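In what follows, a structure is listed as structure tokens, so that the remarks can point back to it.
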Protein chains: 2
Amino acid sequence: MAAHAHTHATGSGWKQHVLASFAHEGFRAGGARAVVVELLAEQDCCLSAQEIFDRLRAGGRKVGIASVYRVLDQLAQMQLVQRVDVGGGVSRFEAAHPGGDHHHHLVCDDCGRVVAFEDERLEAELDRVGKSLGARVAAHDLVLHGACADCSQK
Amino acid sequence: MAAHAHTHATGSGWKQHVLASFAHEGFRAGGARAVVVELLAEQDCCLSAQEIFDRLRAGGRKVGIASVYRVLDQLAQMQLVQRVDVGGGVSRFEAAHPGGDHHHHLVCDDCGRVVAFEDERLEAELDRVGKSLGARVAAHDLVLHGACADCSQK
DNA sequence: CCCTCGATGATAACGGCTCTCACCAGGGCT
DNA sequence: AGCCCTGGTGAGAGCCGTTATCATCGAGGG
């Protein structure tokens with residue numbers, strides 16, 4: 001049981017930002033869109049499309065899996081969510097907060113858990129490397145693989 | 001016929017190392033194993049399982065796709081190859097040179113090209129972060145997304 | 001209030017990966 | 001050298017995440 005009782009305030013700000021962006025781009029206000037955004041705003045770590053679908057269904061919402069993927073794709077293209085590719089052929093998604101509050105993931109190959117972390121100096125290095133390549137880096141995706149703190153003690 | 005006439009010396013060393021490791025672990029010398037290892041040793045950037053399969057077939061070798069995945073899985077578990085998850089639901093693989101000569105990838109979301117790069121300071125930061133998490137980090141997988149140097153100039 | 005067109009959701013299709021299983025061959029033994 | 005046991009191999013079926021298709025729904029302007 002992880003204790004994760006934080007970051008919901010920032011999530012709300014993100015939600016407003018996303019809805020405003022949709023309106024600005026001339027999208028209509030669809031139900032699936034709103035509900036996916038709402039769910040994502042409440043999370044503090046990445047979810048897979050299937051997990052999003054399941055939770056919405058569990059909440060009584062009759063969304064289609066296609067809509068979930070469609071919305072996630074739109075959000076990713078608008079750079080409002082980040083695709084996190086954690087291996088195993090499954091993409092995960094999480095809210096991308098414009099300018100900061102950005103984290104990465106450690107995947108425990110032993111117990112399968114995903115642990116989020118952030119590190120300022122690491123971000124600085126990533127920025128530097130991106131620039132030195134002459135590329136316009138829109139996003140970066142870092143995944144550490146190994147045994148998490150718990151599993152490595154066994 | 002691609003003209004890739006470099007890094008074969010290091011690749012050859014890796015190949016010997018892998019074959020020795022297999023022998024040491026008591027594996028038999030199967031045909032598929034040898035031929036996958038040989039192909040990987042010749043590469044200087046990551047290949048997908050399908051690409052490996054196609055090239056071996058094109059070379060007249062009647063390997064099964066299952067064998068390719070099997071061998072890659074064994075190699076990954078022995079930490080002799082690194083899985084590179086570049087998105088799009090496809091895993092790529094490349095020789096992991098023990099202790100160094102390690103690189104990462106920039107994926108151009110525009111033209112789809114994969115550019116490899118390496119950076120010592122970045123590696124140092126990654127090591128530091130891994131340690132600070134208390135985890136035993138076996139591998140890390142970093143992918144930059146954006147527009148490559150060519151595409152970002154357009 | 002109606003009409004148009006984007007949004008939605010069920011379902012089929014697709015593709016990468018894994019599983020299964022019969023056959024093959026390495027290599028220790030005689 | 002020949003045999004046998006066992007691990008290795010390859011073809012194909014199956015699984016599952018993702019994408020494409022299409023009929024229906026409903027937002028919102030006229």
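To find a chain, count down the sequence lines: A is the first, B the second, and so on, and within it residues start at 1. Model, not experiment: these values are computed from the prediction.
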Among dG10(D), dT11(C), dG17(D), which nucleotide has an atom closest to any side-chain atom of Ile65(A)?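 Closest of the options to the side chain of Ile65(A): dT11(C).
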Could you tell me how far apart [X] ([atom1]) and [N] ([atom2]) are, to the nearest whole angstrom?
| X | N | atom1 | atom2 | value |
| --- | --- | --- | --- | --- |
| Asp73(A) | dG17(D) | CG | P | 18 Å |
| Phe53(B) | dC17(C) | CZ | P | 13 Å |
| Leu72(B) | dG8(D) | CG | P | 16 Å |
| Asp54(A) | dC16(D) | CG | P | 14 Å |
| Glu25(B) | dG7(D) | CD | C1' | 15 Å |
| Glu51(B) | dG15(C) | CD | P | 16 Å |
| Lys62(A) | dA7(C) | NZ | C1' | 19 Å |
| Arg70(A) | dC22(D) | CZ | P | 14 Å |

Closest-nucleotide 5' rank along DNA chain C - winner of Ser48(B) and Val71(A):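 On the 5' side of the pair lies Val71(A).
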5′-ward residue of the pair Ala66(B)/Phe27(B) relative to DNA chain C: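 Looking at DNA chain C, the more 5' nearest nucleotide goes with Ala66(B).
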Presence of donor-acceptor pair under 3.5 Å, side chain of Arg28(A) and base of dG29(D):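 Flag unset: no donor-acceptor pair detected.
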With hydrogens left out and only the distance checked, is there a donor-acceptor pair under 3.5 Å joining Arg61(A)'s side chain and the base of dG9(C)?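 Absent.
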Look only at the side chain of [X] and the backbone of [Y], and say whether a donor-acceptor pair between them is shorter than 3.5 Å.
| X | Y | result |
| --- | --- | --- |
| Arg33(B) | Leu19(B) | no |
| Asp141(A) | Asp85(A) | yes |
| Trp14(A) | Val37(A) | no |

By nearest heavy atom, map Gly64(B) and Val90(A) onto DNA chain D; which one lands nearer the 5' end?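 First, find each residue's nearest nucleotide; the 5'-ward one identifies Gly64(B).
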Taking Glu94(B) as the fixed residue, which of Gln43(B), Gln82(B), His103(B) is the one that meets the side-chain hydrogen bond (donor to acceptor under 3.5 Å, both in side chains) rule?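 Result for side-chain hydrogen bond (donor to acceptor under 3.5 Å, both in side chains) with Glu94(B): His103(B).
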Any side-chain N or O of [X] below 4.0 angstrom from OP1/OP2 of [N]?
| X | N | value |
| --- | --- | --- |
| Tyr69(B) | dT18(C) | no |
| Arg92(A) | dG17(D) | no |
| Arg33(B) | dG8(D) | yes |

State yes or no: are the ring centers of His140(B) and His104(B) separated by less than 6.0 Å?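 Close enough - the centres of the two rings lie under 6.0 Å apart.
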